Amino acid sequence: MKQITPLGQALGWGTAFLLTLGACSPKATPVASTSATPPPTAEATPASAAASSFQIPVEYYTLPNGLKVVLSPDHTAPTATVAAYYNIGFRNEPRDRTGFAHLFEHLMFQGSQNLGKMEFIQLIQKNGGILNGSTRFDFTNYFEVVPSHKLETMLWAEADRMRGLAINQANLTNQQGVVKNEVRVNVLNQPYGGFPWLDMPQYANKNWNNAHNFYGDLKDLDAATLEDAQQFFKTYYAPNNAALAVVGDFEPAQAKAWVQKYFGNIPAATQPPKPDLTEPRQEKEQRFTKDDKLATKPALAFAYHMPERNTPEYYALILLDQILLQGKDSRLYQAMVQKRGLTDDVSGGINYLGNAFNYAGPMLWMGNLVYDQTVKSDSVVSVLDQEINRLAKGGIDQPTLDLAVVKLRSSLYDQLSGSDNFGRADMLAAFALFDNDPSRINTLEGEFRKITPAIMQRTIQEYLRPTNRTIVVVNPLAKS
């Protein structure tokens, strides 16, 4: 993990960031509740929600040790994708151990019972595959894409490190240094470092779990002990805190046999209570200024608290994101770039660390832009208000809503039909982990088609109000 790499832009939901392992190929990547509820039966699913021209095969089951398994065969290409998702991310890491979830992502490549340091990476690459790992708000994930005849090997390798990681003082000390250097390179010594993906949650949120420095304070990274690391692995990297997605060219019966063989006897672990991630309703606009000694131009980011996940308003705000912020036809791009020339680009979206589906708690809809010194930040905010007010007062007619659905649908299915199948594996694993229902992948389009202009209107009024907003302005201190 030496760099921060854009991810998820194919979904059209703005800039997202992947904390990548330096040796890995860049590209890895959805809750009000993490409780496991039974997935709906076919009879209970509304026909309008289930209808879709693109159906993804989903076979879902849980091993006796608690591991959630999703199989989705796709014989388009002779490859297989394995994705292991652990229900531990930035905002459910222990207090006084900021950055620990991220640190552990590094440690997972330092060796296991049968694979030495970095041998996991070499195993995939020598077999013609790619791999990566990333840390997100609510999970840490690892994935490999390999020729399909190597699927068994990949399942064995993932199970080997789930069963027993090589956690020793030398590995811990080494990776503490690597992560600290990554923080220096990507945040402390970078113009606009951490802006706004790392900064905004700390400004906009009140709950420590959502508002601490996810990358990790250097003193907290230094304070991590070997005992901390061993306990962290034992607790959070257990099968009953994980989901496994297998997508690609395989026979389900054979894959199930391999999953049972390699993962079935890994013991479960007692899980601590899930942290309370709730945020209070924001009643007053917040504004902050951040000095940046390396930046040469000012920048501004705005953020609004999202509706609760999976509600009608949640789907409506995803569509509002398409109308206001996604693409060169969006209202904010047209107003700020094309008409007024305030900036040469405005970007953003929902969940800068993934996409609009793969998170599990409070979230922000954000946008950001860099502009010249001659432009005033109040001018930018004024245009933002004007465009939102136009929608609030004039309403959203059905053709505008239909166009937003078309844009959303195109982006969604581009991601789900990608050649490496990672987008599909990501969503299946996330829906298994957070909703206990990966079959939701086939009902998303129907949920968006249920949204009416009236739902859009009440979503604007409640969630895009100025009192639900946080603004962060970067004050540049470097000479141009």
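The shown structure was predicted, so the numbers you read here are calculated from the model rather than taken from an experiment.
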Legend entry - Centroid-centroid distance, Phe263 to Trp258, less than 6.0 Å: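 For Phe263 and Trp258, the ring centres are not under 6.0 Å apart.
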
Legend entry - Distance-only donor-acceptor check, side chains Tyr60 and Asp437, under 3.5 Å: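 Side chains of Tyr60 and Asp437: no pair found under 3.5 Å.
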
Considering residues at least two apart in sequence or located in another chain, which fulfil the side-chain contact (heavy atoms from CB on, under 4.5 Å) criterion with [X]?
X	result
Ala316	Ile451, Ile455, Met456, Thr459
Pro272	Thr235, Tyr236
Arg465	Arg281, Glu462, Thr467, Asn468
Asp220	Thr98, Asp217

Quick one: [atom1] on [X] to [atom2] on [Y], what's the gap to the nearest 0.5 Å?
X	Y	atom1	atom2	result
Leu244	Leu67	CG	CG	5.5 Å
Ile441	Gln55	CD1	CD	10.0 Å
Lys274	Asp276	NZ	CG	13.5 Å
Lys68	Asn436	NZ	CG	4.5 Å
Gln125	Gln122	CD	CD	7.5 Å

Under a 4.5 Å cut-off applied to non-hydrogen side-chain atoms, are [X] and [Y] in contact?
X	Y	answer
Asn265	Arg163	yes
Leu218	Leu221	yes
Val145	Asn421	no
Tyr237	Ile266	no
Tyr304	Leu317	no
Met200	Tyr352	no

Inset, instruction - Go through the steps for Asn209 and Asn207 under the test side-chain hydrogen bond (donor to acceptor under 3.5 Å, both in side chains), then give the verdict. - result: CA-CA 5 Å; Asn209 292 284; Asn207 184 327; 3.0 Å; yes

Inset, instruction - Keeping to residues at least two apart or across chains, list the salt bridge (charged side-chain N to carboxylate O under 4.0 Å, His left out) pairs with something in residues 111-133. - result: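 Found none.
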
Inset, instruction - Name all pairs fulfilling the salt bridge (charged side-chain N to carboxylate O under 4.0 Å, His left out) condition that reach into residues 197-213, sequence neighbours left out, sorted by first residue then second. - result: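 Output for this query lists Asp199-Lys290.
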
When you measure from the side chain of [X] to the backbone N and O of [Y], does any donor-acceptor pair fall under 3.5 Å?
X	Y	answer
Asp249	Thr76	no
Thr81	Asp420	yes
Asn210	Pro362	no
Asp138	Ala360	yes
Thr140	Tyr86	no
Gln176	Ala224	yes
Gln282	Arg469	yes
Glu313	Pro307	no
Gln231	Leu226	no
Glu93	Phe100	yes

Exercise: identify the closest heavy-atom pair between [X] and [Y]:
X	Y	value
Asn92	Pro275	CB-CG, 3.7 Å
Arg458	Pro312	NH2-CB, 4.2 Å
Ala243	Ala432	CB-CB, 4.3 Å
Ala242	Met162	CB-CE, 4.2 Å
Ala101	Gly89	CB-O, 3.5 Å
Ala255	Phe250	CB-CD1, 3.6 Å

Inset, instruction - Tell me, please, whether Phe232 has Arg97 positioned over its six-membered ring: NZ or CZ under 6.0 Å from the ring centre and within 45 degrees of its axis? - result: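 No; the conditions do not both hold, so Arg97 does not lie above the ring face of Phe232.
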
Inset, instruction - Would you verify whether the NZ or CZ of Arg161 falls within 45 degrees of the ring axis of Tyr142 while also being under 6.0 Å from that six-membered ring's centre? - result: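 Yes, Arg161 lies over the aromatic ring of Tyr142.
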
What class does the angle between the rings of [X] and [Y] fall in, given that below 30° is parallel, 30 to 60° is tilted and above 60° is perpendicular?
X	Y	value
Phe233	Phe104	parallel
Phe90	Trp197	tilted
Tyr215	His102	tilted
Phe137	Phe214	perpendicular
Tyr85	Phe139	tilted

Inset, instruction - Go through Tyr262 and Glu152 one step at a time and tell me if the side-chain hydrogen bond (donor to acceptor under 3.5 Å, both in side chains) criterion holds. - result: CA-CA 9 Å; Tyr262 298 116; Glu152 182 181 8; 2.5 Å; yes

Legend entry - Residue pair Val247, Ile56: steps toward the side chain to side chain contact (heavy atoms under 4.5 Å, CB included) verdict: CA-CA 10 Å; Val247 182; Ile56 291 173; over 6 Å; no

Inset, instruction - Evaluate salt bridge (Lys or Arg N to Asp or Glu O under 4.0 Å) for Asp435 paired with Arg309, printing each intermediate quantity in order. - result: CA-CA 11 Å; Asp435 303 299; Arg309 187 170 169 271; 2.8 Å; yes

Inset, instruction - Decide yes or no on side chain to side chain contact (heavy atoms under 4.5 Å, CB included) for Leu172 and Ile167, but give the supporting numbers first. - result: CA-CA 7 Å; Leu172 176 60; Ile167 305 175; 5.7 Å; no

Inset, instruction - Applying side chain to side chain contact (heavy atoms under 4.5 Å, CB included), run through Leu364 and His305 and close with a yes or a no. - result: CA-CA 5 Å; Leu364 301 168; His305 292 280; 3.6 Å; yes

Inset, instruction - Could you check Asp414 against Ser411 for side-chain hydrogen bond (donor to acceptor under 3.5 Å, both in side chains), going step by step and ending with a plain yes or no? - result: CA-CA 5 Å; Asp414 275 350; Ser411 300; 5.9 Å; no

Legend entry - Salt-bridge contact Lys150-Glu144 (side-chain N to carboxylate O under 4.0 Å):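 The answer is no: the pair does not qualify as a salt bridge.
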
Inset, instruction - Using a cut-off of 6.0 Å, state whether more than 12 heavy atoms not belonging to Glu227 lie near its atom CD. - result: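 Check fails, neighbour count at 12 or below.
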
Inset, instruction - May I have the step-by-step check of side chain to side chain contact (heavy atoms under 4.5 Å, CB included) for Met154 and Val246, ending in yes or no? - result: CA-CA 10 Å; Met154 293 308 100; Val246 184; over 6 Å; no

